[in-house]
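So the structure is just underneath, and the comments pick up after that.
Quick note: numbers below take in every heavy atom, side chains included, and nothing from hydrogens, waters or symmetry partners. Remember, it's a predicted structure, so these values are computed and weren't measured experimentally.
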Amino acid sequence: MSLLSIINARIMDPASGYDGPGTIVIENGLIADMGVDVDPSGDIIDAHGLTAAPGLIDMRVMTGEPGRESKETIATAGQAAAAGGVTTIVVMPDTKPVIDDISLVDYITRRGQQTSPVNVYAAGALTQNLDGKTLTEIGLMSEAGALYFSNGSEPIADALLMRRLLSYSSTFNALIANRPMDPSLSAGTCAHESDLSSRLGLSAAPAAAERIMAERDVALAELTGGRLLIDMISSLEALDVIRRAKNRDLEIACSVSINHLALNELDIGDYRTFAKLDPPLRDEMDRKALIGGINDGTIDVIVSAHDPRPAGEKRLPYSESSPGAVGLEIALAAGLTLAANDDLDLMAFLAAMTINPANLLGLNSGKLKPDAPADITLFDENTPWLCDSDALLSKSKNTPFDERRFIGKAVKTIVGGEVVFDSHA
């Protein structure tokens, strides 16, 4: 019998709303008891000065494995996740080969169990080889363990196909994710349409490209009764679409990347390719609106949008470089920093990375209560530190946060009752 207790922690559990002192007792990988009057037993972790929260769940993680292991393996992604307080990752289907059948779903699951210190699941592809045309076997992949379905970085452009996907998936109650990006307005662009992108001479996409696609998908979800995740919004215009949809009690959810909460288009600076992202960084008004969407619950999920890119893909002219940034080790710290600055509500931030994704994905984690998996992160809200991209555990080091100051970071990460990361070790 394995026993572990966490004492003297500030416990924050968004699922119950509890924020206060207490002890957590872990037995055989599960939370056995929790509360102020609980007696500790077994090995003791004294968490004085630390906050204990459910382990973070990151719904949008790109890896190189299978096919591009030089960018990132499932093992290195898992190590980076543990260092960032993330206990569960969902691997996007943009791999080589694409995760578009049950054998690839099984491969991701098995490799996660064999090589990763954190829980690893797969997101299945909506179309074969992400071609945007031919439906995959969503039902079979769902039975094999795929938690939701996406066309990766590319949106489903064909409205009739999107309707069929939502109708078909509703049979299995599967979650369908689609990027809110109208291809005819965004193809070939690399920045947000604004005075800044005009001055820099960059091809740019308007925020309306998000609104148009979001409006279409909301209408199709209402028509079919399918479960829809509007994946990684970046603008006030898209946020307003989602807010109106939720006021009509539609089963719509949306996500945002931590990058778009912490950065804006000015971070591009003098053609900084490490700040080139997809969707592009937008203006400060959009950033503040997105933070407000987290605080009021309109936005359901925050993702790291972890997208490792070798230096050779980034050290190119801005228009030719690949978009993307690593984020597994940074998402928690960036959120804590926004909370320390009184921009982001800390409980709302934690909910968007714990219980909300758990509920969307049908996981029993994301909460601190008896019989829940003992997936826990202990973090220090007050530790200042400087991001050094070379020190990141990810194989690729592409981050716009290099040399940025943060307040707060993960100290210990526990998965299934086992300590998988200890910053003091």
Check the surroundings of atom [atom1] in [X]: do more than 12 heavy atoms from other residues, nucleotides or ligands lie under 6.0 Å from it?
{"X": "Arg110", "atom1": "CZ", "answer": "yes"}
{"X": "Glu403", "atom1": "CD", "answer": "no"}
{"X": "Leu30", "atom1": "CG", "answer": "yes"}
{"X": "Asn247", "atom1": "CG", "answer": "yes"}

Considering all heavy atoms, the nearest [X]-[Y] contact:
{"X": "Pro117", "Y": "Ala75", "result": "CD-O, 4.4 Å"}
{"X": "Val25", "Y": "Ser5", "result": "CG2-OG, 3.7 Å"}
{"X": "Ala52", "Y": "Leu378", "result": "CB-CD2, 3.4 Å"}
{"X": "Ala358", "Y": "Ile57", "result": "CB-CD1, 3.7 Å"}
{"X": "Met141", "Y": "Asp100", "result": "SD-C, 3.5 Å"}
{"X": "Gly152", "Y": "Leu130", "result": "N-CD2, 4.3 Å"}

Whether the side chain of [X] engages the backbone of [Y] through a donor-acceptor N/O pair (distance < 3.5 Å, no angle test) should be reported.
{"X": "Asn398", "Y": "Gly324", "answer": "yes"}
{"X": "Glu329", "Y": "Leu393", "answer": "yes"}
{"X": "Ser235", "Y": "Ala238", "answer": "yes"}
{"X": "Lys71", "Y": "Pro310", "answer": "no"}
{"X": "Asp286", "Y": "Leu236", "answer": "yes"}
{"X": "Thr136", "Y": "Leu126", "answer": "yes"}
{"X": "Ser142", "Y": "Ile138", "answer": "no"}
{"X": "Thr127", "Y": "Asp131", "answer": "yes"}
{"X": "Asn341", "Y": "Thr337", "answer": "yes"}
{"X": "Lys367", "Y": "Asp13", "answer": "no"}

Can you tell if the side chain of [X] reaches within under 4.5 Å of the side chain of [Y], non-hydrogen atoms only?
{"X": "Leu263", "Y": "Arg287", "value": "no"}
{"X": "Val303", "Y": "Val256", "value": "no"}
{"X": "Phe401", "Y": "Phe406", "value": "yes"}
{"X": "Thr87", "Y": "Phe421", "value": "no"}
{"X": "Glu381", "Y": "Arg10", "value": "yes"}
{"X": "Phe379", "Y": "Lys409", "value": "no"}
{"X": "Ile294", "Y": "Asp345", "value": "no"}
{"X": "Ile230", "Y": "Leu228", "value": "yes"}

Side chains of [Y] and [X]: any donor to acceptor distance under 3.5 Å?
{"X": "Ser194", "Y": "Glu265", "value": "yes"}
{"X": "Thr73", "Y": "Thr76", "value": "yes"}
{"X": "Asp300", "Y": "Asn356", "value": "no"}
{"X": "Asn264", "Y": "Asp283", "value": "no"}
{"X": "Ser198", "Y": "Asp195", "value": "no"}
{"X": "Ser255", "Y": "Asp231", "value": "yes"}
{"X": "Ser234", "Y": "Glu210", "value": "yes"}
{"X": "Ser304", "Y": "Asp58", "value": "yes"}

Give, for atom [atom1] of [X] and atom [atom2] of [Y], the distance between the pair rounded to the nearest 0.5 Å.
{"X": "Glu65", "Y": "Ser70", "atom1": "CD", "atom2": "OG", "value": "11.5 Å"}
{"X": "Ile45", "Y": "Ile376", "atom1": "CD1", "atom2": "CD1", "value": "8.5 Å"}
{"X": "Ile6", "Y": "Asp46", "atom1": "CD1", "atom2": "CG", "value": "11.0 Å"}
{"X": "Ile24", "Y": "Leu368", "atom1": "CD1", "atom2": "CG", "value": "5.0 Å"}
{"X": "Cys190", "Y": "Asp278", "atom1": "SG", "atom2": "CG", "value": "11.0 Å"}
{"X": "Leu56", "Y": "Ile302", "atom1": "CG", "atom2": "CD1", "value": "9.5 Å"}

side-chain contact (heavy atoms from CB on, under 4.5 Å) evaluation trace for Lys412 with Thr377: CA-CA 6 Å; Lys412 290 183 190 292; Thr377 181; over 6 Å; no

Stacked cation flag Lys276 on Tyr318, 6.0 angstrom / 45 deg: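 Verdict for Tyr318: a cation-pi partner in Lys276.
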
Is any side-chain N of the basic residue among [X] and [Y] closer than 4.0 Å to the acidic one's carboxylate O?
{"X": "Arg244", "Y": "Asp240", "answer": "no"}
{"X": "Lys395", "Y": "Glu72", "answer": "no"}
{"X": "Glu154", "Y": "Arg179", "answer": "no"}
{"X": "Asp402", "Y": "Arg404", "answer": "no"}
{"X": "Arg243", "Y": "Asp296", "answer": "yes"}

Result of checking His260, His192, Glu193 against Arg282 for side chain to side chain donor-acceptor pair (under 3.5 Å):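 Single side chain to side chain donor-acceptor pair (under 3.5 Å) partner of Arg282 among His260, His192, Glu193: His192.
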
Test side chain to side chain donor-acceptor pair (under 3.5 Å) applied to Asp375 and Asn364, Thr413, Thr354, Asn119, the passing residue: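 Among Asn364, Thr413, Thr354, Asn119, the one that satisfies the side chain to side chain donor-acceptor pair (under 3.5 Å) with Asp375 is Asn119.
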
CA sep, side-chain torsions, deciding dist, call: Phe349, Leu338, side-chain contact (heavy atoms from CB on, under 4.5 Å): CA-CA 9 Å; Phe349 164 68; Leu338 289 168; over 6 Å; no

Chi angles and distances behind the side-chain contact (heavy atoms from CB on, under 4.5 Å) call for Leu363, Thr88: CA-CA 10 Å; Leu363 298 174; Thr88 297; 4.2 Å; yes

Test side-chain contact (heavy atoms from CB on, under 4.5 Å) applied to Val118 and Val86, step by step: CA-CA 8 Å; Val118 305; Val86 177; 5.8 Å; no

